[in-house]
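Here is the structure we will look at, set down as structure tokens.
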Amino acid sequence: IYRQGYQTRYQSRGFNIAQISEDGVNSTVCTMCGNNPHDQKQLTDTGLYERIEVVRGATGLRKSQSEPGGSINAVRKRPLWQPLTELTASANRFGTVRSGLDMARVLNTEAQLRGRAVLILERSDSFQKHVDSNKAILYGVVDKSFGGMSKLTLGGLYHNERDTPHLFGLPSYPDGTDLRLPRDTFWGSAWDKGRYRKLHTFTEWEHRFNDDWKLTATADYKLNKSLSEQAQLSGARANVGSDDGTLPLDSFSRHKRSTRQWSARLELDGKYALFNQRHELYAAYTYSHEKFDIEMREQPTAGRSFNLHSWTGHEIPRPDWSIFDYRDYRNSRYTTHTATLANRFNFGRLHLIAGTGYHHWKNDFIWYRDTRNGQPDFAVRNQNHYRKARFIPYAALTFDLNPHHTLYASYTSIFKHTSARDADNKELKPVLGNSYEIGWKGAWREGRLNASVAAFQTEKHNEPINTRI
């Protein structure tokens, strides 16, 4: 996990994780959407989840983006049969103060109706000047059982956050040596701000046919909106002269973003008997449609540099954003269909897992501008339509040495759709490859303590490389 500007990025085995799931429903991580100033901020908080599941290695069996690094699945808190009231509070030396309330109740015993609510409040300061944030999150979920075999769950989330966008790091002297700037240095303006809102609703229907077979249907909707304004200095090397260093004004912009996602998922899993053994079957279909809309407005930056040692953040007044030098729009529409079929064959301590995932991906993208140099100037630079599909095989063998130790070997292929184009503006082929892995896993204390050792080989082909200088 690392910070890039005001974004949080996730990596596993040296590869970016391109999707994050909540209860198995995938959402695109916005390294796929644009660049750092344009991307939507990921509005998540661990206080909403019972646990975070991390799988290392290629996961194309269930994911529409089988990047070989791994995947993350966050399991949301659900209602309980036992009453729960949990208060939390924390603070640190930088001025971050956080409080949380987690409550669960049985609302009606006869109707088998339960509920749970989570409230999180946080205010954060920073060691950097002008950098602070605050957020408020309200989450609620209820479920109702029907006859002991079916259950309906409804939930919703509202997340409101404000922060100071921080896009760039610190420069150095032309020879690469440290400028030894104060620790609280911040290259933004005092009026820089980011505002973010997230609305998330979901419903789930679960039906058990018997003790072995279960069908689950899920519908999920997310709406993210944000607005950020910033004027920030940037540069890898400071211009050293009589003023002992200047930096250019790099970003003087306003970004308005809107992200919507509709998802539906149908899962069937169960156990059956064959050859005097109990085996397990899993089948699923997932549909997802994501819309990313970005409007950017810019003020002129040419020829504007400032002394990095005397910069206070008040040198540039906040502009009237109804008047601007440049404006463009970037709209993306991602539609994915994922079908999965897998079986776990059990032969005593030996287990064979085999399956395949079919992924169909579509992206419609358009970039256009309507203003340049302060004058109306309409132009469409990119208008592309992408369609890709592929089957992803998966096979694995596991052998249980004892209840705590397991040896395993696995194989899967890699398929990652890409919107990259070559110098002639021709669409590049999708990234393909293979992933092989062997290893050992150990689990103790009912799975609360885990350890693993793995050796893996990853092959990737058609990886896009930026050749522009």
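Note that CG of L179 is 6.5 Å distant from OG of S172, once rounded to the nearest 0.5 Å. The CG atom of N462 lies 11.5 Å from the CD1 atom of I414; values are rounded to the nearest 0.5 Å. We find the CD-CG distance between E161 and N134 to be 8.0 Å, quoted to the nearest 0.5 Å. Taken to the nearest 0.5 Å, the CG atom of L119 stands 9.0 Å off from the CD1 atom of I137. Distance check: L227 CG to E295 CD gives 9.0 Å after rounding to the nearest 0.5 Å.
Salt bridge R369/D377: present, at least one basic N to carboxylate O contact under 4.0 Å. A salt bridge between D143 and R116 is absent, with no side-chain N of the basic residue lying under 4.0 Å from a carboxylate O of the acidic one. Using a 4.0 Å cut-off between charged side-chain N and carboxylate O, R318 and E229 make a salt bridge. The existence of a salt bridge linking D293 and R333 is confirmed by a sub-4.0 Å separation between a basic side-chain nitrogen and an acidic carboxylate oxygen.
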* Residue pair Q232, F252: steps toward the side-chain contact (heavy atoms from CB on, under 4.5 Å) verdict -> CA-CA 7 Å; Q232 300 196 355; F252 195 1; over 6 Å; no
* To do: List the steps, then state whether side-chain contact (heavy atoms from CB on, under 4.5 Å) holds for L266 with L215.
  => CA-CA 7 Å; L266 188 66; L215 180 69; 3.9 Å; yes
* Yes or no on side-chain contact (heavy atoms from CB on, under 4.5 Å) for W81 and V106, after CA distance, side-chain angles and deciding distance? -> CA-CA 6 Å; W81 284 112; V106 177; 3.9 Å; yes
* Does the pair L247 and W187 meet the rule for a side-chain contact (heavy atoms from CB on, under 4.5 Å), with working shown? -> CA-CA 9 Å; L247 283 180; W187 298 129; 3.9 Å; yes
* Asked: Yes or no on side chain to side chain donor-acceptor pair (under 3.5 Å) for R105 and T85, after CA distance, side-chain angles and deciding distance?
  -> CA-CA 9 Å; R105 294 288 188 274; T85 301; 2.9 Å; yes
* For R257 and T259, what are the C-alpha separation, side-chain angles and deciding distance, and is it a side chain to side chain donor-acceptor pair (under 3.5 Å)? -> CA-CA 7 Å; R257 313 169 191 85; T259 302; over 6 Å; no
* S413 and R390: side chain to side chain donor-acceptor pair (under 3.5 Å), yes or no, with the steps? -> CA-CA 10 Å; S413 64; R390 192 175 181 87; 5.2 Å; no
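Looking only at atom types and distance, the side chain of D220 has a donor-acceptor partner in the side chain of H200 under 3.5 Å away. Between the side chains of E122 and S124, a donor-acceptor pair is found at a separation under 3.5 Å. In this structure, a donor-acceptor pair under 3.5 Å is absent between the side chains of R98 and S90. No side-chain donor-acceptor contact under 3.5 Å links T153 and E206. No hydrogens or angles considered: nothing links the side chains of T216 and E204 as a donor-acceptor pair under 3.5 Å. Residues E22 and Y49 bring a donor and an acceptor atom of their side chains to less than 3.5 Å of each other. When only modelled atom types and interatomic distance are considered, Y139 and H159 share no side-chain donor-acceptor pair under 3.5 Å. For the residue pair H461/E463, the side-chain donor-acceptor check at 3.5 Å is not satisfied. For the 3.5 Å distance criterion, the side chains of R265 and T286 qualify, holding a donor opposite an acceptor. In the model, Y326 has a side-chain atom that pairs as donor or acceptor with a side-chain atom of D328 under 3.5 Å. A donor and an acceptor atom, one from each side chain of Y221 and Q261, are nowhere located under 3.5 Å apart. Donor-acceptor pairing under 3.5 Å is lacking for the side chains of E437 and S435. A donor atom on one side chain and an acceptor atom on the other are not found under 3.5 Å apart for Y368 and D370. Side-chain atoms of E53 and N73 form a donor-acceptor pair, as typed in the model, at a separation below 3.5 Å. Judged by distance alone, the side chains of R56 and S71 never bring a donor and an acceptor atom under 3.5 Å apart.
Counting non-hydrogen atoms of neighbouring residues, nucleotides and ligands closer than 6.0 angstrom, the NZ atom of K144 exceeds 12 such neighbours. Enclosure of atom CZ in R254 by more than 12 non-hydrogen atoms of other residues, nucleotides or ligands within 6.0 angstrom is indicated. Around NZ of K129, the count of heavy atoms belonging to other residues, nucleotides or ligands within 6.0 Å exceeds 12.
Remark: side-chain polar atoms of R372 are not paired, donor with acceptor, to backbone N or O of D325 under 3.5 angstrom. Side chain of S21 to backbone of D23: no donor-acceptor contact under 3.5 angstrom is found. When atom types are taken as modelled, the side chain of E315 and the backbone of G313 share a donor-acceptor pair closer than 3.5 angstrom. Side chain of R297 to main chain of W321: a donor-acceptor pair is present (N/O by atom type, distance under 3.5 Å, no hydrogens or angles). A donor-acceptor pair under 3.5 Å is formed between the side chain of N92 and the backbone N or O of F94.
At least one side-chain heavy atom of F15 sits under 4.5 Å from a side-chain heavy atom of T458. Counting heavy atoms from C-beta outward, N224 and Y196 have side chains that stay 4.5 Å or more apart. Residues V141 and P79 meet the side-chain proximity criterion, which asks for heavy atoms closer than 4.5 Å. The shortest side-chain heavy-atom distance between S332 and W367 does not fall under the 4.5 Å cut-off. Counting heavy atoms from C-beta on, the side chains of K362 and Y386 never come closer than 4.5 Å. In this structure, the side chains of K291 and W262 come closer than 4.5 Å at one or more pairs of heavy atoms. Contact of the L48 side chain with the I120 side chain is registered, since non-hydrogen atoms from C-beta on lie closer than 4.5 Å. For the pair H255 and E298, the minimum side-chain heavy-atom distance is 4.5 Å or more.
A cation-pi contact, defined as under 6.0 Å to the ring centre and within 45° of the axis, is absent between R93 and F127. In this structure, R387 forms no cation-pi arrangement with W361, as its terminal cationic atom is not both closer than 6.0 Å to the ring centre and no more than 45° off the ring axis. A cation-pi arrangement, defined by a distance under 6.0 Å to the six-membered ring centre and an angle within 45 degrees of its axis, is present between R13 and F456.
When every heavy atom of G47 is checked against every heavy atom of V118, the shortest pair comes out as O-CG1, 3.9 Å. The two atoms that bring A231 and D192 nearest to each other are N-OD1, 3.1 Å, heavy atoms only. Between P317 and W191, the closest heavy-atom pair is C-NE1, 3.5 Å. Pairing each heavy atom of L101 with each of L87, the nearest pair is CD1-CD2, 3.3 Å. The heavy-atom pair separating S305 from P248 by the smallest distance is OG-CA, 3.6 Å. Of all heavy-atom pairs spanning I294 and N331, the tightest one is N-OD1, 4.0 Å.
Evaluated for a side-chain contact (heavy atoms from CB on, under 4.5 Å) with S133, the options D163, T164, T96 yield exactly one hit, D163.
Ring pair F292/Y334: centre-to-centre distance below 6.0 Å. When ring centroids are compared, H314 and H130 come within the 6.0 Å threshold.
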